[in-house]
Number of protein chains: 2
Amino acid sequence: MSKGVNLKELSQRLNLSQTTVSRALNGYPEVSAETRKRVAEMADKLGYAPNSQARRLATGRSMAIGHVIPRSIHEMMNPIFLEFIAGAGETYSQHGYDMIISVVEDDREEDAYRQIASRKKADGVIIHGPAQDEHRHLLLKELNLPFVVHGRIPGAEKETSWIDMNNRRAFERATNLLLDLGHTRIALLNGLENMDFARRRRRGFEDALSARNLTPDAALVRSADMTEPYGCDSAMEMLNSDNPPTAFLVSSMISAIGVARAIGQCGLKTGKDVSIITHDDALSFLPNSGEVPIFTCTRSSVRYAGEKAADLLLNMIATPGAKPTSLHLDAELILGQSTGPAPTR
Amino acid sequence: MSKGVNLKELSQRLNLSQTTVSRALNGYPEVSAETRKRVAEMADKLGYAPNSQARRLATGRSMAIGHVIPRSIHEMMNPIFLEFIAGAGETYSQHGYDMIISVVEDDREEDAYRQIASRKKADGVIIHGPAQDEHRHLLLKELNLPFVVHGRIPGAEKETSWIDMNNRRAFERATNLLLDLGHTRIALLNGLENMDFARRRRRGFEDALSARNLTPDAALVRSADMTEPYGCDSAMEMLNSDNPPTAFLVSSMISAIGVARAIGQCGLKTGKDVSIITHDDALSFLPNSGEVPIFTCTRSSVRYAGEKAADLLLNMIATPGAKPTSLHLDAELILGQSTGPAPTR
DNA sequence: CCGGGCATCCAAACCGCTTTGGATTTCGCC
DNA sequence: GGCGAAATCCAAAGCGGTTTGGATGCCCGG
């Protein structure tokens, strides 16, 4: 349990060959039970742990998964990303994989992937935040680097492995709930709509409206980075307009908090005068739980998504030729305090 | 620019030895300018990139920095951590280092560090969130693994390298500001007080009070994980008590948002009836900027801290014997909309 | 008693790079 | 013209594992 012996010393101490010791430790069959035990004991007496670089070199597998994060604020700052990472990281360490994260300038993202492939830094990667004009998957295929998408790449659903929640359906259901409560002027504060998930959410919103012969009012639909001020400012303007909305559908808890602030500042009451439904990624520092959660929401744990994405990826790496697989998660629709019947004038 | 040649093939194509090619590419002097150029051209024509595992094995340096994150919610979920990582990650990639993150069960944290050391997974690590009864630094010294602390380890300030903001001073100044505005009943919503930073903040708060012969009211001081509901619930209870505070000093923007929500729900106005000063870590998804920021705050960019911590660590690794160094950052005190003179009854 | 089969174990090659310790050539200078 | 220094380049020895292709010894049936 200390100095750091290597395989050679260990095998000498045991009067065995490196081959045998290596096999004993790695569970190969051609070594007697007794020897294996002897080896194991000596190994932990001497605190032997194989040098990972050497092992990686010899096996040709780097035992690591890469996550490339463009430095741009649109991605890394995202607490959702953090939670995803936490989930994935757990899976990795359970399987002996390392997680390596590269924060790079936006214009060097492709370069980062190429490096991972050519220098064999990772055995696979995860694509975060697929956009409308996505291209990373093509590069990765060319590089022959296994990958899993968190989200979906429009037009490449069949040929890639991905995990995603049913964004369209979630927002359709949320919209329907509001409609059922009598709201007809519903605002949508969406995420950036060059992101695939945001498009799907908007589609769900629009589908629900048109199913009841309503059309969205362009003045009530916005799209931006999901910050708190975005929620507050947008809501403030809309509430002060001539024809204010009675309900808000918001893409993130953080912005929803902003909306609630705006509502309060206008002297109105959330869940009474104005309703809010938000999507809740179940971020651990923004709990929305309790008997009756603060916000009515569509909820889907992004941490869980991270775990599953990692599972998928590790499987792909273990069985190379396998067909792409994907996981479609459904969000729960949870009633909280932020919704109520549309106020009658 | 494709297949992935290795050094051997590259050198054969050039009719040079591996030695020479390696040296040419790594900028060693004992190779002619002409040869170097020839090598460089062929290298990028063939898309050569050294296999990192092999290089690491040969050099004995893993060119990676480790971050061990206990799975426990108290740490990883922390968006502050994310922002720190983003900063550090940038520095790493600028210097050709990888960042490897291990998410581990709480009781396997020590194990994770031992593995990093014995399997040579990283050349150094960063200690996050030093607590009151900190011990990781002792382990790391025993393991001979360079490290930098984000925060300070009480009692080990001289013998460790760290970067920290002046928590005590920041909260002292914030408290003084409130006192100057005439507030005397000031609540403190602190982070978990087994964390070093939280202790210092409380000290700053108490120092400022006692300098004016005031003593903190225990009913107005709390300590917990810095979530939104924590802020809201705490504020709600205090505001509804017999002797409510007129100002809140809050350890994080997220909780401060909760406090603001509570104030609104009580029908009061933030910045008028009740003041708030929060600490602002300058998280990118929680901007508190603008002409007059929403919250009056003490601000210190944790992203910047991440960059600097990485710098410190890389320096330590580059110059082994060097003395521990540290960086003490001062927070800015920024006036926003959330503070005003104490209301007169 | 002998040869095949099985259980064990080992020497050596290999993974792809860095680096040591020369070997060879070139060049300036006396 | 000869000689040492400087400039170039190379073969080979690591780095610390895994893995191939046997050896060796033992047991058993014929």
Side-chain angles (χ1 to χ4, degrees), chain A residues 3-40 42-43 46-64 96 98 115-123, chain B residues 3-40 42-43 46-64 96 98 115-123:
Chain A
K3 303 296 156 49
V5 277
N6 57 19
L7 186 58
K8 191 165 154 197
E9 300 174 61
L10 176 58
S11 61
Q12 283 167 353
R13 284 285 297 260
L14 285 161
N15 278 324
L16 285 173
S17 75
Q18 296 190 30
T19 309
T20 304
V21 175
S22 170
R23 290 191 156 148
L25 293 173
N26 291 320
Y28 283 72
E30 53 269 272
V31 54
S32 72
E34 190 205 3
T35 306
R36 189 187 303 279
K37 184 162 163 257
R38 212 161 60 87
V39 170
M42 184 63 83
L46 269 50
Y48 168 76
N51 177 304
S52 14
Q53 329 299 348
R55 189 208 282 261
R56 294 181 215 266
L57 176 57
T59 59
R61 296 183 311 151
S62 71
M63 295 301 286
D98 284 342
Q115 286 221 359
I116 289 179
S118 61
R119 321 179 91 113
K120 304 275 163 51
K121 284 193 169 188
D123 297 327
Chain B
K3 299 299 156 46
V5 277
N6 57 21
L7 186 58
K8 193 166 154 195
E9 302 175 59
L10 176 58
S11 61
Q12 282 168 353
R13 284 285 296 261
L14 286 160
N15 280 323
L16 285 174
S17 74
Q18 296 190 31
T19 308
T20 305
V21 176
S22 169
R23 289 190 159 150
L25 293 174
N26 291 320
Y28 282 71
E30 52 269 271
V31 54
S32 73
E34 189 204 4
T35 304
R36 190 188 302 281
K37 183 162 164 256
R38 213 160 60 86
V39 170
M42 183 64 83
L46 268 49
Y48 169 78
N51 177 304
S52 11
Q53 328 300 345
R55 185 206 285 261
R56 294 179 214 269
L57 176 57
T59 58
R61 296 183 312 151
S62 70
M63 295 302 285
D98 285 340
Q115 285 220 1
I116 288 177
S118 61
R119 322 179 90 113
K120 306 273 163 53
K121 285 191 168 190
D123 298 327

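Computed over heavy atoms, backbone and side chain alike; hydrogens, waters and symmetry mates excluded.
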Check: For A/Arg36, does the CZ atom have more than 12 heavy-atom neighbours from other residues, nucleotides or ligands under 6.0 Å away?
Finding: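 Counting other residues, nucleotides and ligands, CZ of A/Arg36 exceeds 12 neighbours.
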
Check: Under 6.0 Å from the NZ atom of A/Lys120, do we count more than 12 heavy atoms belonging to anything else shown?
Finding: no

Rounded distance in Å - [atom1] ([X]) to [atom2] ([N]):
| X | N | atom1 | atom2 | result |
| --- | --- | --- | --- | --- |
| B/Arg23 | C/dG22 | CZ | P | 14 Å |
| A/Glu34 | C/dA7 | CD | C1' | 14 Å |
| A/Arg61 | D/dT18 | CZ | C1' | 11 Å |
| A/Arg119 | C/dG16 | CZ | C1' | 13 Å |
| B/Arg55 | C/dC15 | CZ | C1' | 16 Å |
| B/Lys37 | D/dT8 | NZ | P | 16 Å |
| B/Lys8 | D/dA11 | NZ | P | 13 Å |
| A/Leu46 | D/dG16 | CG | C1' | 16 Å |

[options]: which one has an atom nearest the side-chain heavy atoms of [X]?
| X | options | value |
| --- | --- | --- |
| B/Glu30 | D/dT8, C/dG16, D/dT18 | D/dT8 |
| A/Ser32 | C/dT8, D/dT18, D/dG16 | C/dT8 |
| A/Asn51 | C/dC17, D/dT18, D/dG16 | D/dG16 |
| B/Asn6 | D/dG17, C/dG16, C/dT18 | C/dG16 |

Note to self: Please confirm whether the shortest side-chain N or O distance from B/Thr20 to OP1 or OP2 of D/dC10 is below 4.0 Å.
What the structure shows: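 Checking B/Thr20 against D/dC10: at least one side-chain N or O falls below 4.0 Å of OP1 or OP2.
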
Next item on the list: Ignoring backbone atoms, test whether A/Tyr28 places a side-chain nitrogen or oxygen under 4.0 Å from the OP1 or OP2 oxygen of D/dT19.
Entry: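 Indeed, a polar side-chain atom of A/Tyr28 lies that close.
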
Notebook entry, point to check: DNA chain D: B/Leu57 or B/Asn15, which has the more 5' nearest nucleotide?
Noted result: B/Asn15

Next item on the list: For B/Leu16 and for B/Lys120, find the nucleotide of DNA chain D with the closest heavy atom, then tell me which residue's nucleotide is more 5'.
Entry: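 Taking each residue's closest nucleotide, the earlier one in sequence belongs to B/Leu16.
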
Check: Closest heavy-atom contact between A/Val31 and A/Ala24?
Finding: CG1-CA, 3.9 Å

Margin query: So which atom in B/Ser62 and which in B/Asp123 form the shortest heavy-atom distance, rounded to 0.1 Å?
Written below: N-OD1, 2.9 Å

Notebook entry, point to check: If you look at every strand shown and take non-hydrogen atoms under 4.0 Å, does A/Ser52 touch a base, only sugar-phosphate, or nothing?
Noted result: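 No contact.
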
Next item on the list: Check every strand shown and say whether A/Gln53 touches a base, only sugar-phosphate, or nothing at a heavy-atom separation below 4.0 Å.
Entry: nothing

Notebook entry, point to check: Can you find an N or O donor on one side and an acceptor on the other, under 3.5 Å apart, linking the side chain of B/Thr19 with the base of C/dT18?
Noted result: no

Checklist line | Any donor-acceptor N/O pair under 3.5 Å between D/dT19 base and A/Thr59 side chain | finding: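 By the distance-only test, no, there is no pair.
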
Checklist line | Lys/Arg-Asp/Glu bridge criterion (N-O < 4.0 Å) met for B/Asp98, A/Arg119 | finding: no

